[in-house]
Amino acid sequence: MSDNPVSLSRWLIEQQRSHGHIPGSLRLLIEQVARACKRISRAVNRGAAQGILGSLPSSNVQGEVQKQLDVIANDVLLEANEWGGHLAAIASEELERIHPIPHRFPRGEYLLLYDPLDGSSNIEVNVTIGTIFSVLHLDEGVEEVQAAHFLQPGSRQVAAGYCTYGPQTTLVLTLGHGVCAFTLDADQGGFVLAQQDLRIPAATSEFAINMSNMRHWAQPVRRYIDECLAGREGPRGKDFNMRWVGSMVADVHRVLQRGGVFLYPWDRREPRRAGRLRLMYEANPMALLVEQAGGLAIAGSQRILDIQPEELHQRAAVMLGSRDEIERLRQYHLEAEAAPAA
Ligand code: P6P
């Protein structure tokens with residue numbers, strides 16, 4: 001790290017001023033989100049000392065066990081972003097309905113969506129968790145923002161990112177012109193540029209999937225993983241390694257840092273559900289980051305960013321990472337779709 005690191009604020013101003021990549025309102029929005037992530041990081045790091053690691057008696061709108069830190073993270077992001085004048089409304093995994101910006105604050109042109117604390121089942125075991133966020137543009141001329149205004153395909157995101165709360169607090173961000181990583185430097189009191197133009201290697205020998213679900217997978221995924229497991233004696237002619245953190249931000253961060261594939265595919269446990277992960281504030285932002293870093297992100301034969309959302313909290317199958325491997329997986333899905341029905 002240089003003696004004079006580039007702060008997130010300076011980098012964002014340069015993206016606005018020198019490259020014209022973003023308008024000032026979006027720059028200020030990203031800075032607000034980053035400030036909220038700093039506060040969440042502090043709360044996560046102090047967790048046990050503050051007695052806030054446990055679960056609440058309530059469950060969230062998803063019917064999932066709600067952790068105290070889930071609620072704290074959601075509240076921090078709401079409070080940090082509703083008064084800035086950059087947003088028209090907010091959507092959160094922790095809120096059933098959208099949160100229009102209160103009339104007492106100026107309304108802006110952007111829509112912010114987030115999973116405030118992804119992987120929160122890992123909180124008590126001190127495994128990396130994180131915040132995932134996505135920014136969309138509100139259509140012109142909208143008087144009253146409805147949930148329907150959020151239902152835009154992921155290709156229309158103007159920014160996306162995540163913040164990991166682990167050994168380091170790292171903000172990974174795209175504004176549509178590549179992917180950068182910023183590390184929270186306690187001495188500087190803010191995020192400083194750590195990596196520019198992250199690129200995912202096209203080839204890999206590492207996959208991440210929850211193997212306990214193997215018997216429930218569709219044929220293309222089973223075929224792909226079986227071939228990986230067959231190793232050098234099998235059709236792939238090489239051995240593979242496996243990772244599974246159980247925290248999407250941690251698994252995707254690894255893929256962005258050294259390549260690999262992260263798979264949470266559809267499975268037969270709940271056949272009417274497209275997948276486990278949420279399209280709008282998990283799959284879409286991660287898919288944009290991965291594609292901006294030279295990887296691919298699919299839900300089967302379809303590109304994730306092309307999915308037309310039908311409801312705010314809908315789920316999606318997620319297969320993303322190194323281009324050569326995801327392209328192979330996409331071909332396997334296309335072959336299965338073309339095969340005559342059994
Ligand atoms: P499983 C965490 O709960 C999460 O939403 C993602 O962060 C993670 O990748 C996945 O679920 C883990 O799911 O079924 O392995 O517990």
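Counting starts at 1 for both ligands and their atoms, following the listed order.
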query: With under 30° as parallel and over 60° as perpendicular, where do the rings of W244 and Y264 fit, or are they tilted in between?
result: tilted
Show me the side-chain donor-acceptor pairs of residues 100-111 shorter than 3.5 Å, one per line, residues at least two apart or across chains.
unit_1	atom_1	unit_2	atom_2	d
R107	NH1	V142	O	3.4
R107	NH1	E143	O	2.7
R107	NH2	V142	O	2.6
E109	OE1	H137	NE2	2.6
E109	OE2	S25	OG	3.2

message: Name the residue from Y114, Y165, Y281 that meets the side chain to side chain donor-acceptor pair (under 3.5 Å) definition with T131.
response: Y165
Between ligand 1 and the protein, which N/O pairs are shorter than 3.5 Å?
unit_1	atom_1	unit_2	atom_2	d
ligand 1	3 (O)	R276	NH2	3.0
ligand 1	7 (O)	D118	OD1	2.9
ligand 1	7 (O)	D118	OD2	2.9
ligand 1	7 (O)	M248	N	2.7
ligand 1	9 (O)	M248	N	3.4
ligand 1	11 (O)	R276	NE	2.7
ligand 1	11 (O)	R276	NH2	3.2
ligand 1	13 (O)	R276	NE	3.2
ligand 1	14 (O)	Y264	OH	2.6
ligand 1	15 (O)	N210	ND2	2.8
ligand 1	15 (O)	W244	NE1	3.0

message: Between R276 and E282 (salt bridge meaning N to carboxylate O under 4.0 Å), is one present in this structure?
response: no
message: Between R156 and D139 (salt bridge meaning N to carboxylate O under 4.0 Å), is one present in this structure?
response: yes
field: Single hit among V135, N81, L28 for side chain to side chain contact (heavy atoms under 4.5 Å, CB included) with V33
entry: N81
